[in-house]
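Atom set for the values below is all heavy atoms of this structure, side chains included, hydrogens, waters and symmetry mates excluded. Not measured: the values here are computed from a predicted model. In what follows, every chain begins at residue 1, and chains take the letters A, B, ... in the order their sequences are listed.
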Amino acid sequence: VSSVHVEHRRCRRHGLCLLVAPDAVRVSRSGRVEPVARPSGVALDQVREAARQCPVQALEVRE
Amino acid sequence: VSAQRIAIVGGGVAGFRAAERLRELGFSGALTVIGAEPGAAYRRPALSDEVLAGTSAARISLRGRLPVRTRWLGATRVVDIDWERRALVTDRRGDVLFDQLIVATGLRPRRLALFEQPELAGRVHVPTTLGAALRLREAVRRRGRVLVVGAGLVGTEVAAALARQGATVVLSDAATRPLAGLLDADLGDALAELHRRRGVQLRLGAAPVAAARRGRIVRVEFADGTVAEVGDVVVAVGAEPAVDWLGGLPAAGPGGVRCEPTLHVVGRDDVVACGDVAAWPNLRFGGATARVEQWTNASRMARHAAEALLVGPGAASPYAPVPWGWTEQWGMRIHLVGARRPADTPHVDDGAPTAFSGARTWTDLLGRTVGGVVIERPWATLALARRIETECPAPNAASLSRSADPHEAPGRHQRTGRFRRTKTAANQHQPA
């Protein structure tokens, strides 16, 4: 089971993960990036790609 | 997956991601990555920003691990290719044999002869590698006064980062505005004003014409007669594709390595290219062959190139991204999305055009939104990127004949409705 973590101190809220991983990442009311708890299938592929592309590498997928 | 040996030349994000993807796809042969820098791949855009502000080298590593059974030859340069023997000739590790090749050497920064004089050694910095960025950081901590020559992405970011650290910074460019090639005049003026307000001294419209050492000072004269006396000089005047090692490859030249839409190098089934060095026709935007100097693109493109290499030109799909780039200066995020050609028409989407609030978009001759600049509005960036994806759809497999003009490709374009122009999704989703 894979889990996704966001390093909030590092996140600059560029929003690229929302574009790349629309099924795996959303934004909370307070403006924080929130990944879905245990993504699988398409959502997992998306969030892995978002982690690779994140400008500040704030997303991490632990496999 | 028949190839036995794949060599990747380039140890940046593109080389790293290509290696990662090859193993993901089950490539089981010998894999070698050759990089000019001593260490592992890292977030290069952080060099002109976070690293100068004190972030440690360990904090700019990439997510992901080097795949198993990968030879990483650091601090090594390929100086030539022997196509007969299929061997990469390196400067210090002997020859590396290959069956297939991935070109990911990126860019080499331009230097200015004016600043190459021996008496200026140690005072002139080109901070596009980790080692050079760390040396610049130390030099500016010691001497505190710096001239940044070139107000492009690297120059403006370096100027902001160093000024923020308390240094006295002069930022010069021969152009009359910062980011002159990227921003329209009004946005460029507004960016200049932001730097000025934060204490950066701007010397715009003035190229340096003389430089000399005066004791502990470097004295630089500009074409307009003004002078800057500083401790250190940063040269940030752009970069060129690193192709000098690609002897005997007709597709390699000053404009980069020319590729097919699939990223196969023109004329070769056994060589692909990716990252800043690669010029290819992005069929999503009409197919003019061009390079994209963006870190996020390098990462995506490398994965596509790795896949294209394994499946071959017949089965590979065209690489047709919506490019997405960014710069952050004084805490302000500027996003550059899509493609823009001279014939495209600018639109101010919403917000005042001169304040840092609007999205500036461009439409092509067919009325499709092809690109834009968004400042400090991530939701608008997101909406713009999605709009471009819809209005300029990726080419389907059928449209991929090697000289296809996507404007004439049947089917997809006609189905694409025009996006509402006056009010975008961005208006309804203001960030909190």
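The shortest non-hydrogen separation linking A:Gln53 to B:Thr296 is O-CG2, 3.3 Å.
Rounding to the nearest 0.5 Å gives a distance of 15.0 Å between CZ of A:Arg48 and CZ of B:Arg63. A distance of 4.0 Å separates CZ in B:Arg59 from CZ in A:Arg10, rounded to the nearest 0.5 Å. With values rounded to the nearest 0.5 angstrom, A:Cys17 atom SG is found 9.5 Å from B:Leu382 atom CG. Once rounded to the nearest 0.5 Å, the distance linking CZ of B:Arg21 with CZ of A:Arg52 reads 7.0 Å.
A:Pro22 has its side chain within reach of B:Arg386: a pair of non-hydrogen atoms, C-beta onward, lies under 4.5 Å apart. Residues A:Val27 and B:Trp379 have side chains in contact (heavy-atom distance under 4.5 Å, counting atoms from C-beta outward). Side-chain contact between B:Trp324 and A:His14 is present, with heavy atoms from C-beta onward closer than 4.5 Å.
Contacts with chain A were tallied for B:Glu328, B:Glu389, B:Glu20; B:Glu328 has the most, counting heavy-atom pairs under 4.5 Å.
Contact annotation for A:Val61: neither backbone nor side-chain heavy atoms come within less than 4.5 Å of a heavy atom of chain B. When heavy atoms are compared at a cutoff of 4.5 Å, A:Glu49 approaches chain B solely by way of its side chain, counted from C-beta outward.
Ion pairing of A:Arg12 with B:Glu50 is absent here, as no side-chain N (NZ or NE/NH1/NH2) approaches a carboxylate O to less than 4.0 Å.
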